[in-house]
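This report concerns only the one structure given below.
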Amino acid sequence: MPELPEVETVRRGLAPIMEGATVERLELRRPDLRFPFPDQFAEFLEGQQVVSVGRRAKYLLVDISNGQVVIMHLGMSGSFRIEEDAIGDTTPGVFHHEKTRLAAHDHVTFHLRQQSGRIARVIYNDPRRFGFMLMCKRSELVDHPTFKNMGVEPVGNALTPDVLAQALLKKGAPLKSALLDQRVIAGLGNIYVCEALWRSKLSPKRKAGTLVKASGKPTDRLVTLEKHIRDVIADAIKAGGSSLRDHAQTDGSLGYFQHSFAAYDREGAPCRHEGCGKSISRIVQSGRSTFYCSSCQR
DNA sequence: CCGACTACCTGCCCGC
DNA sequence: TGCGGGCAGGTAGTCG
C-alpha cells in the first residue's frame with residue numbers, strides 16, 4: 001500500500017494510541033521480516049514509554065523513552081491494526097487482557113498500556129514481508145544509512161523548484177525514474193509520480209535534466225511539476241491515502257484517493273484532460289509500470 | 001558515479 | 001475446477 005500519504009495516514013492512526021503508552025510486551029512471531037529484527041528488540045522496548053510516532057518519507061519513526069527510535073517500513077503489503085480492550089478493566093492491579101484474534105501474516109504485536117490504564121494492541125501484518133523494523137539511537141538517526149542520502153519531503157517547506165532543479169540537474173534518467181529515486185524527493189512512489197506527471201502534462205520518458213536551465217534554475221515546466229507534486233501528495237493525505245487491494249487504515253476504514261486516479265492503473269481508459277480524447281497507456285520503465293497519456297504528456 | 005535489472009515473498013487475477 | 005504466468009504501492013544489491 002504505502003507511499004508517503006498512506007504512511008502518513010497510518011501514522012495519524014497510530015499516534016493517539018501509542019503516544020504516552022508503555023510497551024508491556026513485544027511479541028514477535030518470526031525472527032525476521034525482510035531483515036532480521038534488531039538484536040534485543042523486545043528487551044529494549046519492554047517497560048519503555050512511547051514518546052512520539054513520527055514519519056520521514058515512507059518510514060514510521062517511533063521515539064522511545066530510552067532514547068532509541070524504532071524505524072519501521074511497510075514494504076509493499078505491510079499494515080497495522082489496532083485492538084483496544086473495552087473500558088472497565090482499569091482498576092490498578094487488575095490485568096484483564098482480551099485475546100488477540102490473530103490473522104495470517106500477523107508478525108508483530110505491540111502490547112500497550114495507555115496512561116488511562118486501557119490496554120491496546122498494535123498488530124503488524126505483512127503477507128509479502130518486504131517491510132522491516134530497525135532501531136537506532138535518536139541522536140544517530142540522521143547519519144543512519146537509510147536516511148543519510150535521503151532527499152527532501154514533498155510536504156512542508158523543504159521542497160522548492162530550486163531544490164528540485166538542483167536534484168535533477170544533468171540527470172539523464174527518464175523523469176519517471178528520477179522522481180522515484182528517494183534521494184531526489186523522499187516519499188514519492190509509483191502512483192503519485194504517475195499522477196503528478198499527468199497533472200503536469202510531462203512525459204515520463206523525458207530526460208529529467210531537460211527541465212533544468214543551463215544556469216541551474218528550474219524551467220517553467222519544472223515549477224509547474226513541483227506544484228503538482230505538492231498538490232497530489234496533499235490531496236492524497238486529505239483523502240486518507242489510496243486503498244488498493246482492500247488495504248485498510250489502522251481503524252479498518254479505507255482511504256479513497258484511488259477514486260481520484262487520473263493515470264495510475266487506468267490503462268485504456270480515456271485521458272481526463274480537457275479535450276484530449278486519447279487513452280491512458282501503460283509502459284515499463286526500470287521494471288515498473290508507468291501509466292500516462294502519450295498525447296498530452298510531452 | 002549512474003542507470004538498469006534482479007531478488008525478495010505471497011496473493012490475486014486472467015487465460016487456457 | 002486447476003494450473004501457470006504475470007503483476008502488485010517497496011528497497012537494496014549487483015552489474016555493466
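Lettering follows sequence order; numbering is per chain, from 1. Note that this is a predicted model, so its numbers are computed, not measured.
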Closer to the 5' end of DNA chain B via nearest nucleotide, is it A:G172 or A:A104? A:G172
How does protein contact run along nucleotides 11-16 of chain C, one letter per nucleotide 5' to 3', with B for base contact, S for sugar-phosphate only, - for none, heavy atoms under 4.0 Å? BS----
Length of the CE-P vector between A:M72 and C:dG10, whole Å: 18 Å
Regarding A:G131, tell me which of base, sugar-phosphate or nothing describes its non-hydrogen contacts under 4.0 Å with the strands shown. nothing
Can A:V122 and A:M18 be said to form a side-chain contact (heavy atoms from CB on, under 4.5 Å), step by step? CA-CA 8 Å; A:V122 169; A:M18 298 187 80; 4.0 Å; yes
Would you measure the distance from the P atom in C:dG5 across to the matching atom in B:dA7 and give it in whole Å? 16 Å
For DNA chain B, produce a single dot-bracket line, 5' to 3'. Pairs: Watson-Crick or G-U wobble, both distances under 3.5 Å. Symbols: ( ) within strand, [ ] crossing, | other strand, . unpaired. .|||||||.|||||||
Side chains of A:Q48 and A:S65: is there a donor and an acceptor less than 3.5 Å apart? yes
What's the gap between C:dT11 and B:dG11 when it is taken at their P atoms, as a whole Å value? 22 Å
Under 6.0 Å between the ring centres of A:F147 and A:Y59? yes
To the nearest angstrom, how far is A:L179 atom CG from C:dG9 atom P? 16 Å
Under 4.0 Å from a heavy atom of chain A: give me the 5'-most and 3'-most nucleotides of DNA chain B that qualify. B:dG3 to B:dG11
Roughly how far apart are A:Q297 CD and A:K205 NZ, rounded to 0.5 Å? 11.0 Å
How are the rings of A:F257 and A:F261 set to each other: parallel, tilted or perpendicular (split at 30° and 60°)? perpendicular
More than 12 heavy atoms from other groups under 6.0 Å of CZ on A:R183: no
Once you apply a heavy-atom cut-off of 4.0 Å, does A:Y192 come out as touching a base, just sugar-phosphate, or nothing? nothing
Between A:Y192 and A:S242: side-chain donor-acceptor atoms closer than 3.5 Å: yes
Regarding A:T160 and A:D162, do their side chains bring together a donor and an acceptor under 3.5 Å, going by distance alone? no
Mind calculating the distance between OH (A:Y124) and P (C:dG10) to the nearest angstrom? 13 Å
Heavy-atom count check: over 12 atoms from other residues, nucleotides or ligands less than 6.0 Å from A:D220 CG? no
Indicate whether the side chain of A:Q49 and that of A:T22 have a donor and an acceptor atom separated by less than 3.5 Å. no
Please state whether the phosphate of C:dC7, meaning OP1 or OP2, lies under 4.0 angstrom from any side-chain nitrogen or oxygen of A:S289. no
Using the benzene-type ring in the case of Trp, are the ring centres of A:H273 and A:W198 under 6.0 Å apart? yes
Calculate the interatomic distance between A:L254 atom CG and C:dG9 atom P; express it in whole Å. 18 Å
